[in-house]
Amino acid sequence: MTPVDEPTTERAAGAPHGGGTRRRFRRGGGAPLPLLVPALLGLAFLVVPLVALLVRAPWRHLPAQLTSAEVWQALRLSLVCATAATAVSLVLGVPLAWLLARVEFPGRGLVRALVTLPLVLPPVVGGVALLLALGRNGVVGRWLDSWFGITLPFTTAGVVVAEAFVAMPFLVISVEGTLRAADPRYEEAAATLGASRFTAFRRVTLPLVAPGIAAGAVLAWARALGEFGATITFAGNFPGRTQTMPLAVYLALQSDPEAAVALSLVLLAVSVAVLAGLRDRWMTTGG
């Protein structure tokens with residue numbers, strides 16, 4: 001090895017050079033004890049309750065619990081309402097995400113904060129807000145009732161509205177982030193070729209951000225499926241009409257704990273399936 005090659009070799013190996021003491025961290029290195037212990041405690045804090053649910057599940061009576069008419073009724077209603085709420089979120093949320101990502105207007109930061117507010121707002125408070133807005137004597141609900149005869153509270157449509165209210169921010173955040181990451185030059189190229197802004201959105205932007213829309217839709221659907229607080233406040237808990245799976249779990253916990261555990265297992269399985277489907281997009285960083 002020549003003298004010229006030695007410094008290059010040392011720098012490639014991470015050796016100190018230029019009077020400094022820089023070191024290169026290795027991704028596979030061991031974790032220090034002050035970080036490892038709380039990390040393991042945090043993992044246990046999150047995992048142990050789920051393991052307890054599996055351990056204490058009534059596996060012997062599980063088939064009978066899951067084949068009862070009440071369970072299937074609640075499951076069917078949950079799937080229908082969550083799917084409808086996701087459709088509403090797509091129709092309203094994708095244009096809203098595009099507006100936040102592509103259009104400069106006064107107060108955009110405030111609008112974004114209001115859009116994401118349901119993420120941190122207690123669901124029961126959201127249900128109360130929906131009642132005050134869309135109830136029979138609400139700010140908007142009174143006009144819906146008197147002009148169109150539409151009553152939303154304590155109906156299946158009310159379940160869809162409550163679930164969409166809490167789920168749509170997940171879709172908006174996902175799609176907005178994807179839009180910000182997408183290269184706007186494709187849209188500009190379409191505009192120079194004579195395409196209108198809506199045509200560019202429909203023919204260029206939507207195909208570009210389709211994976212982000214799909215991921216946001218799945219997240220919104222999962223959030224809608226598990227919604228409880230806003231649903232029971234705004235739509236009530238009527239079997240066959242507004243009683244979704246989370247509400248059925250809450251009701252069964254008071255009279256039949258085994259049934260509550262069985263219903264919880266169904267929701268747990270759905271959540272795991274959703275996370276498994278989104279793992280490549282949300283839980284890995286490549287490499």
Side-chain angles (χ1 to χ4, degrees), residues 79-121 126 129-130 133-134 138-141 143-144 147-150 152 157-225 227 230 274 277-282 284-286:
L79 295 176
V80 169
C81 290
T83 303
T86 304
V88 172
S89 300
L90 284 169
V91 172
L92 302 179
V94 173
L96 178 57
W98 179 86
L99 185 71
L100 293 173
R102 289 288 192 261
V103 180
E104 295 281 350
F105 58 91
R108 186 172 65 166
L110 176 61
V111 172
R112 183 180 291 110
L114 293 175
V115 169
T116 57
L117 187 60
L119 293 176
V120 297
L121 195 69
L130 288 173
L134 301 175
V139 176
V140 179
W143 305 114
L144 291 176
W147 290 358
F148 306 103
I150 297 177
L152 292 176
V159 177
V160 175
V161 170
E163 291 181 351
F165 178 77
V166 300
M168 191 165 67
F170 288 88
L171 177 74
V172 174
I173 290 176
S174 175
V175 177
E176 184 189 357
T178 306
L179 282 167
R180 290 183 176 276
D183 193 343
R185 289 179 295 180
Y186 293 105
E187 301 172 43
E188 296 170 0
T192 59
L193 294 175
S196 65
R197 203 159 191 185
F198 178 72
T199 301
F201 169 77
R202 181 171 53 89
R203 301 290 297 272
V204 177
T205 308
L206 277 182
L208 280 176
V209 300
I213 293 176
V218 173
L219 286 175
W221 184 84
R223 180 64 184 88
L225 187 69
E227 167 51 31
V274 169
L278 292 177
R279 177 178 58 85
D280 290 338
R281 177 169 182 82
W282 295 100
T284 60
T285 58

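Hydrogens, waters and symmetry mates are skipped; everything else that's a heavy atom, side chains included, is used. Quantities reported herein were computed from a predicted structural model and do not represent experimental measurements.
Of the inter-residue distances, the one linking I213 atom CD1 with L206 atom CG reads 5.0 Å to the nearest 0.5 angstrom. Atom CG of L90 sits about 10.5 Å away from atom CE of M168, to the nearest 0.5 Å. The structure places CZ of F201 at 11.0 Å from CG of L208, a figure rounded to the nearest 0.5 Å. For the atom pair L121 CG and F165 CZ, the distance stands at 6.0 Å (nearest 0.5 Å). Distance CG/L225 to CG/L79: 6.0 Å, rounded to 0.5 Å.
Looking at R108, its side chain never comes within 3.5 Å of a backbone N or O of L99 through a donor-acceptor pair. Of the possible donor and acceptor atoms, none in the side chain of R223 sits under 3.5 Å from a partner among the backbone N and O of P169. No donor-acceptor distance shorter than 3.5 angstrom exists from the side chain of S174 to the backbone of L171, with no hydrogens or angles considered.
The two residues R202 and P207 have their closest heavy-atom pair at O-CD, 3.8 Å. Listed here is the closest heavy atom pair of S89 and A167: OG-C, 4.4 Å. Residues A97 and E176 share a closest heavy-atom pair of CB-N, 3.7 Å. Shown here for P118 and V166, the closest heavy-atom pair between the two residues is CB-CA, 4.5 Å. Of all heavy-atom pairs between T86 and A220, the closest is OG1-C, 4.1 Å. A190 approaches A200 most closely through the heavy-atom pair CB-CB, 4.1 Å.
In this structure, the side chains of V111 and F105 come closer than 4.5 Å at one or more pairs of heavy atoms.
In summary, of the residues considered (L100, L119, L92, T116), a side chain to side chain contact (heavy atoms under 4.5 Å, CB included) with V172 occurs for L100 alone.
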Next item on the list: Carefully, step by step, assess V103 and W98 under the rule side chain to side chain contact (heavy atoms under 4.5 Å, CB included).
Entry: CA-CA 8 Å; V103 180; W98 179 86; 3.7 Å; yes
